[in-house]
Amino acid sequence: MTDEDFQSLATRYLEDALDESEVQMLGRELDRDPARVQQFNDLRILTGLIHEHGQSTGEQGSHLTRPTPVATADRMRTKWLYPVTLGSLAASILLVITSSLGLFAPLPIATLVSGENASWESSLPTVEGSELGPGILKLRSGLATIRFRSGVLVTLQAPSGLELLSPMRGRMLFGSASIDVPDSAIGFIMETPNGYAIDHGTEFSVSVDPSRNRSSFEVIDGEISVHVASTGES
């Protein structure tokens, strides 16, 4: 699949305009190439920012709409016009954010929803309701639930360590967690020291034991693809 075809497919998915066979095609492409997952995630975050910014400025007469692929038989025209549109809108959004804050502040990628008898070792905020940027959370006792901006819920059971990488990507460092992925976050990746799992809209658990150099996944409902780092097997 070409970059142009993937971009069109991903954009139409975000617009809820795919039929069942096209959704399956997109899922296979995300499963085949982890780089596609990052491309999909970047596009999804960008269109979400554009949508949010359009809503916040609507009362002032400004309006931004989510970009759509250019419909034309000229494939080269489609290939070049779409990235330029995205780039221009992204630049406008960054300008507004920078002007408002006076600096480049990293966007939060998750929220600490709850902690039950939780004690932490972390440079990230650990108060319930705190917005979290990229970084490492180490839960020393209790239970805690983190909601990624993509909608993914991760419930940690102490002792455990989780690195927040992006709204669509996390890395389990040690311990156990359950992950609940809504349909809107299909393609979410949970890494471990031994490989990673790509979610296809499901609920699953992960357990990492560094002392035994072992990671395991258990599907509770749905389907995931597990990739083994040492062998390259899926």
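Counting from 1, the numbers follow the sequence of the chain as shown.
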Asker: Kindly say whether Ala229 contributes a backbone atom to a donor-acceptor pair with the side chain of Asn194 at under 3.5 angstrom?
Answerer: no
Asker: Check the surroundings of atom CZ in Arg140: do more than 12 heavy atoms from other residues, nucleotides or ligands lie under 6.0 Å from it?
Answerer: yes
Asker: Working to the nearest 0.5 angstrom, can you tell me the gap between Ser178 OG and Glu203 CD?
Answerer: 6.5 Å
Asker: Can you tell me which residue pairs pass the salt bridge (Lys or Arg N to Asp or Glu O under 4.0 Å) test with a partner in residues 164-178, sequence neighbours excluded?
Answerer: Glu163-Arg171, Arg169-Glu191, Arg171-Glu191
Asker: Check whether Ser8 reaches the backbone of Glu4 with its side chain - one donor and one acceptor, N or O, closer than 3.5 Å.
Answerer: no
Asker: Could you check if a side-chain atom of His227 sits within less than 4.5 angstrom of a side-chain atom of Ser234, using non-hydrogen atoms only?
Answerer: yes
Asker: In terms of hydrophobic clustering (I, L, V, M, F, W, Y; side-chain heavy atoms under 4.5 Å; direct or indirect links), are Val226 and Tyr196 co-clustered?
Answerer: no
Asker: What is the minimum heavy-atom distance between Gln157 and Leu139, and which atoms define it?
Answerer: C-CD2, 4.2 Å
Asker: State the CZ-CG distance between Phe6 and Leu30, to the nearest 0.5 angstrom.
Answerer: 5.0 Å
Asker: What distance separates Leu132 CG from Leu137 CG, expressed to the nearest 0.5 Å?
Answerer: 5.5 Å
Asker: What I'd like to find out is whether the side chain of Ile179 reaches to under 4.5 Å of the side chain of Leu153, using heavy atoms alone.
Answerer: no
Asker: According to a 4.5 Å side-chain heavy-atom criterion applied to Ile, Leu, Val, Met, Phe, Trp and Tyr, with indirect links allowed, do Leu124 and Met172 form part of one hydrophobic cluster?
Answerer: yes
Asker: Would Val219 and Met190 show up in the same hydrophobic cluster when neighbours are defined by side-chain heavy atoms closer than 4.5 Å?
Answerer: yes
Asker: Compare all side-chain heavy atoms of Leu173 with those of Val208 and state whether any distance is below 4.5 angstrom.
Answerer: no
Asker: Check Leu164 against Leu162 and note the closest heavy-atom contact, atom names and distance.
Answerer: CD2-CD2, 3.7 Å
Asker: Apply side-chain contact (heavy atoms from CB on, under 4.5 Å) to residues Ser119 and Ser141 and explain how you reach the verdict.
Answerer: CA-CA 5 Å; Ser119 63; Ser141 64; 2.5 Å; yes
Asker: Hey, does Met25 have a side-chain heavy atom less than 4.5 Å from the side chain of Leu9?
Answerer: yes
Asker: Count the heavy atoms of every other residue, nucleotide or ligand shown that sit under 6.0 Å from CD of Glu22, and state whether that count exceeds 12.
Answerer: yes
Asker: Within the 4.5 Å heavy-atom criterion, are Val154 and Thr145 side-chain neighbours or not?
Answerer: no
Asker: Do Phe174 and Ile136 sit in the same hydrophobic cluster, where Ile, Leu, Val, Met, Phe, Trp and Tyr count as joined when their side-chain heavy atoms come under 4.5 Å apart?
Answerer: yes
Asker: With side chains defined as the heavy atoms from C-beta onward, is the minimum distance between Pro193 and Ser215 less than 4.5 Å?
Answerer: yes
Asker: If you measure from CG on Leu156 to CG on Leu143, what distance do you get to the nearest 0.5 Å?
Answerer: 9.0 Å
Asker: Can you name the nearest heavy-atom pair linking Gly170 to Phe148, along with the distance?
Answerer: CA-CZ, 4.4 Å
Asker: I need the minimum non-hydrogen distance between Ile224 and Ala197, along with the two atoms involved.
Answerer: CD1-CB, 4.2 Å
Asker: Specify the closest pair of heavy atoms between Ser166 and Ile109, including all atoms of both residues, with the distance to one decimal.
Answerer: N-CD1, 3.6 Å
Asker: If I take atom OG from residue Ser184 and atom OH from residue Tyr13, how far apart are they, to the nearest 0.5 angstrom?
Answerer: 7.0 Å
Asker: List the atom of Pro167, the atom of Arg149, and the distance in Å for their closest heavy-atom pair.
Answerer: CB-CB, 4.1 Å
Asker: So Leu112 and Trp120, do their side chains get closer than 4.5 Å, heavy atoms only?
Answerer: yes
Asker: With ring pair (Phe, Tyr, Trp, His ring centres under 6.0 Å) as the rule and sequence neighbours excluded, what pairs involving residues 204-225 come up?
Answerer: none
Asker: Given side chains that start at C-beta, do those of Val152 and Ser150 come closer than 4.5 Å, heavy atoms only?
Answerer: yes
Asker: Say you draw a straight line from CD1 of Ile198 to CD1 of Ile189; how long is it, rounded to the nearest 0.5 Å?
Answerer: 4.5 Å
